[in-house]
Amino acid sequence: MSQEQVSYLELLARGAAAEAYDRPVLLARASGAGPEALADLERAKRLALRVRAELEGRRRREAELSALFETAHDLAGLRDLDAVLRAIVQRARSLLGTEVAYLSLNDPGAGDTYMRVTEGSVSARFQQVRLGMGEGLGGLVAQTARPYVTENYFDDPRFQHTPTIDSAVRDEGLVAILGVPLSLGSQVIGVLFAADRRARVFEREQVALLGSLAAHAAVAIDTANLLAETRSALAELERANDIIREHSGVIERASDVHDRLTELVLHGGGVHDVAEAVSEVLGGRVEFTDTGQDPAQHADGHARREGDRWVAAVSAGGESFGALVLHGQPDLDPVDQRTLERAALVTSLLLLARRSAGEAEQRVRGELLDDLLDAPDRDRRLLRERAARLRTDVDAPHVVLAARIDRGGAGGEADHAGVRESADRQRLWSAASHLAATRQGLASARDGGTVLLLPLGPGEDAAELARQTAKHLGGAVREPVTVGASAPVASPLAQPGQVATAYEEARRCLDALRLLNRSGEGAAAEDLGFLGLLLADTRDIEGFVDRTIGQVVAYDRRRGTDLVRTMDAYFASGMSPARTKDDLHVHVNTVAQRIERIGRLLGPDWQSPSRALEIQLALRLHTMAAAVAR
């Protein structure tokens with residue numbers, strides 16, 4: 001081995017630069033070495049340079065593995081998420097030899113991406129920039145879940161350039177950018193970047209390395225979220241344990257109070273006597289109310305705090321009568337809550353007893369309403385006298401309401417279904433009769449449901465009365481009750497047959513509501529307008545929607561697109577693409593592409609006045625049907 005060849009080993013040993021490997025050849029040529037010796041030196045130089053490249057690659061891989069190991073170690077002792085993410089970004093910048101590295105996270109609420117950690121950045125504008133989904137290189141990575149690299153960002157047409165993003169990138173002076181997604185399963189939660197202020201080519205190994213660091217960053221974020229959820233769950237358990245300890249003495253005290261209330265009832269007390277007694281015990285003011293409560297919120301029998309008052313439902317046998325309301329004690333302890341609940345139970349027993357005595361009166365009220373519907377030509381003087389005995393003013397404005405219980409499905413055998421429907425009608429008639437008596441109206445079982453004739457209160461209209469009635473009856477029977485209302489009848493006895501005519505109008509309104517899948521709601525015919533007339537005529541909502549926008553609905557379902565919502569926003573914004581993109585938080589080009597796709601599905605005339613009216617109606621029906629299905 002010649003001295004010149006030995007010099008190559010020395011260069012390798014001290015890690016000399018690549019340029020130094022030309023020196024032995026130059027010295028040999030200067031000293032007059034022959035062609036064969038020079039060829040040997042050239043071969044030795046090439047071999048030494050290959051060994052040097054291999055050693056450099058191994059050192060680089062060793063550094064990369066060491067960084068990944070340190071990152072995994074940071075994750076194992078995760079305490080501060082920001083510190084871990086900052087360490088990952090610093091390692092990315094160091095290993096890839098870039099001037100800048102940064103990490104952004106998606107904001108699902110705002111529908112964009114924001115900067116979380118930066119390293120090497122000098123621009124405040126860049127550090128605070130937010131990218132819309134699909135905008136810029138980072139937005140494209142977040143949207144497609146694939147890495148992207150550009151040697152010169154401003155000359156690259158693959159990205160959606162916006163003035164805001166381009167200004168921030170230019171302010172930072174970035175040219176070459178590499179971005180890889182931060183993924184949790186199939187969900188992209190952010191992007192990890194490495195960037196230079198000069199044009200450069202990122203090698204495949206560098207893309208893979210940055211992807212590995214991004215995977216660690218995603219794990220860190222997921223781990224931090226899980227830790228937060230765990231802490232929250234532990235806090236909930238601790239609070240539940242405190243509540244259990246606080247309630248350990250409730251049962252005994254509540255039982256004593258219940259005995260006192262039972263004794264009061266046995267000695268002839270009434271509902272207001274119970275309220276007065278509980279007021280004394282709790283040191284506040286207790287009153288009974290039979291309106292304004294949603295029984296579904298109190299179905300478990302517990303008192304609830306509503307603002308500065310406490311409410312306990314009064315119910316029995318699946319039916320709600322109202323509630324006991326306590327004023328003046330916003331901070332009620334568990335024992336006193338139980339006292340209020342016991343009082344509500346005793347009140348329900350009193351009301352059940354009073355109902356038995358009132359059922360005869362209910363039947364009389366039903367017979368009078370039947371006569372108004374079926375025999376309007378009877379002696380008006382006698383009808384008015386009967387109404388007066390029931391404290392019903394038949395000369396005041398009234399509304400006729402048709403009510404029916406709506407269930408999701410028949411279920412069970414036919415015999416069982418018939419028994420259940422009969423029981424439902426009885427419960428509905430009983431609740432409606434109670435409501436009619438309290439409002440000085442009339443009620444009767446009819447056509448598989450119930451019909452009511454109720455007076456209009458001050459400032460009340462037919463639609464509001466229908467909604468209140470549906471809410472009250474639904475709460476009383478614990479089932480969805482749909483109520484259709486007629487237009488107001490100025491005086492039920494003014495003209496023969498007008499109560500029957502109003503009842504038919506109320507039934508048509510009820511049928512329209514049921515066709516709209518709006519079970520459990522109340523409305524007057526005037527509420528439905530043209531939509532009500534359309535439903536009453538066709539009775540084929542699903543077919544109408546399918547014929548009108550079925551291809552778009554099917555396309556969304558098949559492709560996972562959002563064309564239906566785009567149409568809705570497009571019409572709502574006056575068919576303006578600019579306002580539509582603001583409502584949907586997408587780029588105007590995206591809106592244009594979606595509108596073009598809709599045109600191919602529905603035909604070129606879909607925006608004409610006649611087609612647009614049909615499509616908007618179908619969109620409304622489709623939205624309502626989807627809301628009911630949820």
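The analysis underlying the following values was restricted to heavy atoms, covering all of them including side chains, and did not include hydrogens, waters or symmetry mates.
By the salt bridge (charged side-chain N to carboxylate O under 4.0 Å, His left out) test, D222 is found to be paired with no residue, residues two or more places apart in sequence or in another chain being considered.
To the nearest 0.5 Å, atom CD of residue E385 and atom CG of residue L368 are 12.0 Å apart. Rounded to the nearest 0.5 angstrom, L369 CG and L452 CG are separated by 8.0 Å. A distance of 6.0 Å separates CD of E479 from CZ of R427, quoted to the nearest 0.5 Å. Distance check, rounded to the nearest 0.5 Å: CG of D393 to CD of Q440 gives 8.5 Å. One distance of note links CZ of R446 with CG of L373; it measures 4.5 Å at 0.5 Å rounding. A distance of 6.5 Å separates CG in L613 from CG in L617, rounded to the nearest 0.5 Å.
Across L456 and A462, no two heavy atoms sit closer than the pair CD2-N, 4.1 Å. Residues P492 and D395 approach most closely at CD-N, 4.5 Å, considering heavy atoms. Taking every heavy atom of both residues into account, L184 and A218 meet most closely at CD2-O, 3.6 Å. Residues A466 and L401 share a closest heavy-atom pair of CA-CD2, 3.7 Å. Of all the heavy atoms in V400 and A506, the pair that sits closest is O-CB, 3.6 Å. Among all heavy-atom pairs drawn from A142 and T113, the shortest one is CB-OG1, 4.2 Å.
At a threshold of 4.5 Å between non-hydrogen side-chain atoms, the residues I221 and L85 count as touching. By the 4.5 Å heavy-atom criterion applied to side chains, L584 and T580 are counted as neighbours.
Remark: R285 engages E287 in a salt bridge, criterion side-chain N to carboxylate O under 4.0 Å.
Side-chain atoms of R404 come within 3.5 Å of backbone N or O of D447 as a donor-acceptor pair. With R305 contributing its side chain and G307 its backbone, the two residues share a donor-acceptor pair below 3.5 Å. Checking side-chain atoms of T469 against main-chain N and O of L465 turns up a donor-acceptor pair under 3.5 Å. Between the S486 side chain and the E505 main chain, no donor and acceptor come within less than 3.5 Å of each other. Using a distance-only test at 3.5 Å, with no hydrogens or angles considered, a donor-acceptor pair links the side chain of Q498 to the main chain of S491. Judged by distance alone, the side chain of D107 and the main-chain N or O of G109 form a donor-acceptor pair under 3.5 Å. No donor-acceptor pair under 3.5 Å is formed between the side chain of R439 and the backbone N or O of L454.
One side chain, T482 or D406, offers a donor N or O that lies under 3.5 Å from an acceptor on the other.
Results of the side-chain contact (heavy atoms from CB on, under 4.5 Å) test with L563 over I549, V553, D556 single out D556 as the only residue that passes.
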Quiz item: What's the verdict on side-chain contact (heavy atoms from CB on, under 4.5 Å) for L442 and L372, showing C-alpha distance, side-chain angles and the deciding distance?
Solution: CA-CA 10 Å; L442 304 175; L372 291 174; 4.0 Å; yes

Exercise. Go through the steps to decide whether D371 and L383 satisfy the test side-chain contact (heavy atoms from CB on, under 4.5 Å), and finish with yes or no.
Key: CA-CA 8 Å; D371 286 343; L383 291 175; 4.2 Å; yes

Quiz prompt | R116 and D82: CA distance, side-chain angles, deciding distance, side-chain contact (heavy atoms from CB on, under 4.5 Å) verdict | solution = CA-CA 8 Å; R116 178 65 183 268; D82 286 335; 2.6 Å; yes

